[in-house]
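To start, the structure itself, in structure tokens.
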Amino acid sequence: MAEFPAKVRTQTSTPAGAHGPARSALPNLALDLGFLRSFLGLLMLVELVLGLLVWALIASTYYQPIPAYGWVMFVAIFFWLVTVILFVMYLLQLQMKLYMIPWSVVLVIFNAAATVLYVTAFITCSAAVQSQSWLPGDYDKRAAASFFACVVMIAYGASTFFSFQAWKGFGSNAATSQVTD
């Protein structure tokens, strides 16, 4: 019992404001340029570009009288904005700072939801394209938006597949994932 205090070390600390201003976490941010070259990063870039094309093409037409395009706009803009947020988070490695969130599960759920809702947006957009339009050029823009909605739906489907594989750890095993120093 006498050796117990010799084996225990304690450390006291004071609140950050007691000795001066708290250090910001922003100086610890670093760009992960490897993410841009990764498959996930490339897929996110494709989703961003194609999603932007979908809602920009629809927004450039007189879509307000056709309720179906409201749904397409909602899906395209919502998932574009969330993809921008996730892209910036991964580019700045913010997911490493928020380690308590299971990001692999979040990506699987997000990409699966985006795939399913883009299926509905693609079908809705394709069904609403009509050759008779009030303004010239609207038909071409709506048809192109329908095509790009299909392609971005496929991109989100691929992201779902690869996110699921990353979540379940397919393609790696305990022996190959160990780091030796």
Pair Val105-Val108, side chain to side chain contact (heavy atoms under 4.5 Å, CB included): steps then yes or no: CA-CA 5 Å; Val105 176; Val108 170; 5.7 Å; no
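- Taken to the nearest 0.5 Å, the CZ atom of Arg142 stands 4.0 Å off from the OG1 atom of Thr61.
- Atoms OH and CG, on Tyr69 and Leu57 in that order, are 11.0 Å from each other to the nearest 0.5 Å.
- Hydrophobic clustering of Ile, Leu, Val, Met, Phe, Trp and Tyr side chains at less than 4.5 Å, counting indirect connections, unites Trp55 with Leu45.
- Note on Leu43 and Val106: separate hydrophobic clusters, where clusters join Ile, Leu, Val, Met, Phe, Trp and Tyr whose side-chain heavy atoms are under 4.5 Å apart, directly or indirectly.
- In this structure, Phe148 is a member of the same hydrophobic cluster as Val119, with clusters built from ILVMFWY side-chain heavy atoms closer than 4.5 Å.
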List the steps, then state whether side chain to side chain contact (heavy atoms under 4.5 Å, CB included) holds for Ser38 with Phe35. CA-CA 5 Å; Ser38 71; Phe35 171 71; 3.7 Å; yes
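- Cluster partners of Leu42 are absent, since no Ile, Leu, Val, Met, Phe, Trp or Tyr has side-chain heavy atoms less than 4.5 Å from it.
- Closest non-hydrogen pair, Ala143 versus Val129, comes out as N-CG2, 4.1 Å.
- Between Ser60 and Asp138, the shortest heavy-atom contact is O-OD1, 4.4 Å.
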Val152 and Tyr118: CA distance, side-chain angles, deciding distance, side chain to side chain contact (heavy atoms under 4.5 Å, CB included) verdict: CA-CA 8 Å; Val152 76; Tyr118 255 109; 3.2 Å; yes
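- Contacts classified as side chain to side chain donor-acceptor pair (under 3.5 Å) and involving residues 99-112 (residues at least two apart or in different chains) are given here: Asn111-Ser163.
- Not a single side chain to side chain donor-acceptor pair (under 3.5 Å) links Thr124 to another residue, sequence neighbours left out.
- The shortest heavy-atom contact between Val72 and Ala121 is CG2-O, 3.5 Å.
- Residues meeting the side chain to side chain donor-acceptor pair (under 3.5 Å) test with Thr120, sequence neighbours left out: Trp71.
- A continuous path of Ile, Leu, Val, Met, Phe, Trp and Tyr side chains, each step under 4.5 Å between heavy atoms, connects Ile66 with Phe74, placing both in one hydrophobic cluster.
- Expressed to the nearest 0.5 Å, how far CD1 of Ile109 lies from OG1 of Thr160 amounts to 11.0 Å.
- Closest heavy-atom contact between Ala128 and Ala68: CB-CB, 3.9 Å.
- The side chain to side chain donor-acceptor pair (under 3.5 Å) search around Trp167 returns none, not counting sequence neighbours.
- Environment of CZ in Phe147: sparse, with no more than 12 heavy atoms of neighbouring residues, nucleotides or ligands closer than 6.0 Å.
- A continuous path of Ile, Leu, Val, Met, Phe, Trp and Tyr side chains, each step under 4.5 Å between heavy atoms, connects Met44 with Leu117, placing both in one hydrophobic cluster.
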List the atom pairs, donor and acceptor, that lie under 3.5 Å between side-chain atoms in residues 76-90 and the rest of the protein, sequence neighbours left out.
from	atom 1	to	atom 2	distance (Å)
Trp80	NE1	Leu48	O	3.0
Thr83	OG1	Phe79	O	2.6
Thr83	OG1	Tyr156	OH	2.5

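- How far CD1 of Ile123 is from SG of Cys150: 10.0 Å, rounded to the nearest 0.5 Å.
- Atom CG of Leu53 sits about 11.5 Å away from atom CD1 of Ile58, to the nearest 0.5 Å.
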